[in-house]
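First comes the structure, then the notes that go with it.
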Amino acid sequence: MDEGAFNFDGDYGQGYEALARQVIPGYLTLFPMVGAVIDPDLPQGARVLVVGCGTGIELVTFREIRPDLRLHGVDPSAQMLDLARQRVARTGDAEGISFQLGYAADVPLAPRFDAATLINVLHFVPDDGGKAALLRDIARRLKPGGVFVLFDLHGDPGSEEHERYMPAWERYWRIRGMSAEEMAAFKDRIQHGIHFAPAARVLELAREAGFAEPRRFYRSLLYGGWTFRLQGE
């Protein structure tokens, strides 16, 4: 990831959630949606790995839906992790929620998790082996049959679909209140820090990492969300 374009320990991280609410279609309903989709597949007291836990909205939403869940949030940004800790603390229900500064590869291999989520993360990682490594790192920490949720910005620049929906996404920013200057700055960040991959490539990488049974639960402009199961060993 280009730290200059997306510095989560700097100005971008400070304003991340406000920006996400502005540019990601359905951002406020995304996390309740994910919780609703995976709820039946999680046993009582399930352990869930939240990769790139960001500001903690995912953690507190899952806890509201299922108070029995044990959640482990990992993020490489100290600033974002601090925001997540503060958000969880404000709920008064921090028991069973743990935090780790680092990457998925830094999470202990045992005990394994019942589920894992990777939301708004993969598009920051180059497809030079990085995306594949991240997905493998998550797979190695899941139980066989474990649930995996992947939500990501994706596309194939130059394709008809991308050329249709990229401008539409930019118009969405304007409709959501971005100024021309803010739009230009955000577009520059995207050009320098987002590593697009077509949806077919995302599914291929997930399959190679050991994930099966892809089921798409979300699609809007250039965003897509899938659930998977980790194949048995």
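Worth saying up front: this structure is predicted, and the values here are computed from it rather than measured. These numbers come from the heavy atoms of this one structure, side chains and all, not from hydrogens, waters or symmetry mates.
- When only modelled atom types and interatomic distance are considered, Thr55 and Arg87 share a side-chain donor-acceptor pair under 3.5 Å.
- The minimum heavy-atom distance between Ser77 and Leu101, with the atom names listed, is C-CD1, 3.8 Å.
- Atom NE2 of His123 is separated from atom CG of Leu118 by 9.5 Å, given to the nearest 0.5 angstrom.
- Ion pair Arg189/Glu182 not flagged as a salt bridge, since none of the NZ, NE, NH1 or NH2 atoms sits closer than 4.0 Å to an Asp/Glu carboxylate oxygen.
- Tracing side-chain contacts under 4.5 Å through hydrophobic residues (I, L, V, M, F, W, Y), one reaches Met33 starting from Ile24; they form part of the same cluster.
- Counting all heavy atoms, side chain and backbone alike, Ile138 lies closest to Ala104 at CG1-CB, 4.1 Å.
- Aromatic rings from Trp169 and His162 are positioned such that their centres are separated by 6.0 Å or more.
- Side-chain contact between Tyr103 and Val51 is absent, with no heavy-atom pair separated by less than 4.5 Å.
- Taking hydrophobic clusters as Ile, Leu, Val, Met, Phe, Trp and Tyr residues chained together by side-chain heavy-atom distances below 4.5 Å, Val37 does not share a cluster with Ile65.
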**Message:** For Trp173 and Phe186: C-alpha separation, side-chain torsions, deciding distance, then whether ring pair (Phe, Tyr, Trp, His ring centres under 6.0 Å) applies.
**Reply:** CA-CA 10 Å; Trp173 310 342; Phe186 187 55; 4.9 Å; yes

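- Heavy atoms only, all atoms of each residue included: Leu230 and Ala209 are closest at CD1-O, 4.5 Å.
- For the pair Arg216 (side chain) and Trp226 (backbone), a donor-acceptor distance under 3.5 Å is absent.
- With a 4.5 Å cut-off on side-chain heavy atoms, Arg47 and Asp114 count as touching.
- Going from atom CG of Leu59 over to atom NE2 of His72 covers 10.0 Å, rounded to the nearest 0.5 Å.
- The shortest side-chain heavy-atom distance between Glu213 and Arg229 falls under the 4.5 Å cut-off.
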**Prompt:** Under the side-chain contact (heavy atoms from CB on, under 4.5 Å) criterion, do Leu153 and Asn120 qualify, and how do the steps go?
**Reply:** CA-CA 7 Å; Leu153 177 65; Asn120 290 321; 5.7 Å; no

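- The backbone N or O of Ala212 sits nowhere less than 3.5 Å from a side-chain atom of Arg207 that would complete a donor-acceptor pair.
- At least one side-chain heavy atom of Leu71 sits less than 4.5 Å from a side-chain heavy atom of Phe62.
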**Request:** Show the numbers, then the answer: is there a side-chain contact (heavy atoms from CB on, under 4.5 Å) between Phe31 and Ile119?
**Result:** CA-CA 9 Å; Phe31 303 103; Ile119 295 179; 4.0 Å; yes

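- Side-chain atoms of Asp9 come within 3.5 Å of backbone atoms of Gln79 as a donor-acceptor pair (strictly under, hydrogens ignored).
- Note: Leu83 CG to Met80 CE = 6.5 Å, rounded to the nearest 0.5 Å.
- Between Arg174 and Glu170, no side-chain nitrogen of the basic residue sits less than 4.0 Å from a carboxylate oxygen of the acidic one, so the salt-bridge criterion is not met.
- Counting only heavy atoms from C-beta outward, the side chains of Met183 and Ser179 never approach each other to under 4.5 Å.
- Between Arg66 and Asp39 there is a side-chain heavy-atom pair separated by less than 4.5 Å.
- Between Leu150 and Phe228 the shortest side-chain heavy-atom distance falls below 4.5 Å.
- Looking only at distances, a side-chain donor or acceptor of Lys131 sits under 3.5 Å from a matching main-chain atom of Leu122.
- Of all the heavy atoms in Gln100 and Pro108, the pair that sits closest is OE1-CD, 3.9 Å.
- A donor-acceptor contact shorter than 3.5 Å links the side chain of Thr91 to the backbone of Asp93.
- Taking each heavy atom of Leu142 and Ala116 in turn, the nearest pair found is CD2-N, 3.8 Å.
- The distance from the CZ atom of Arg85 to the SG atom of Cys53 is 8.5 Å, given to the nearest 0.5 Å.
- Applying ring pair (Phe, Tyr, Trp, His ring centres under 6.0 Å) to Tyr223 and the options Tyr27, Tyr165, Phe151 leaves one that passes, Phe151.
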**Item:** Verdict with reasoning, Phe99 to Val50, per side-chain contact (heavy atoms from CB on, under 4.5 Å)
**Value:** CA-CA 9 Å; Phe99 301 91; Val50 179; over 6 Å; no

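- Under the 3.5 Å distance criterion, the side-chain polar atoms of Thr29 are matched with a main-chain donor or acceptor of Gly26.
- Evaluation of the salt bridge (Lys or Arg N to Asp or Glu O under 4.0 Å) rule for Asp127 yields Arg201 as partners, not counting sequence neighbours.
- Scanning all heavy atoms of the two residues, the minimum distance from Val48 to Phe113 falls at C-CD2, 3.7 Å.
- Using a 4.5 Å heavy-atom threshold, the side chains of Phe148 and Leu135 count as touching.
- Counting heavy atoms of neighbouring residues, nucleotides and ligands inside a 6.0 Å radius, atom CZ of Arg140 does not exceed 12 of them.
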**Request:** Could you please spell out the steps behind the side-chain contact (heavy atoms from CB on, under 4.5 Å) verdict for Val125 and His195?
**Result:** CA-CA 6 Å; Val125 182; His195 301 276; 5.9 Å; no

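- Remark: Arg21 CZ to Leu28 CG distance equals 4.5 Å, nearest 0.5 Å.
- Atom CD of residue Gln22 and atom CD of residue Glu17 lie 13.0 Å apart, to the nearest 0.5 angstrom.
- For Arg63 (side chain) and Leu69 (main-chain N/O), a donor-acceptor pair under 3.5 Å exists by modelled atom type.
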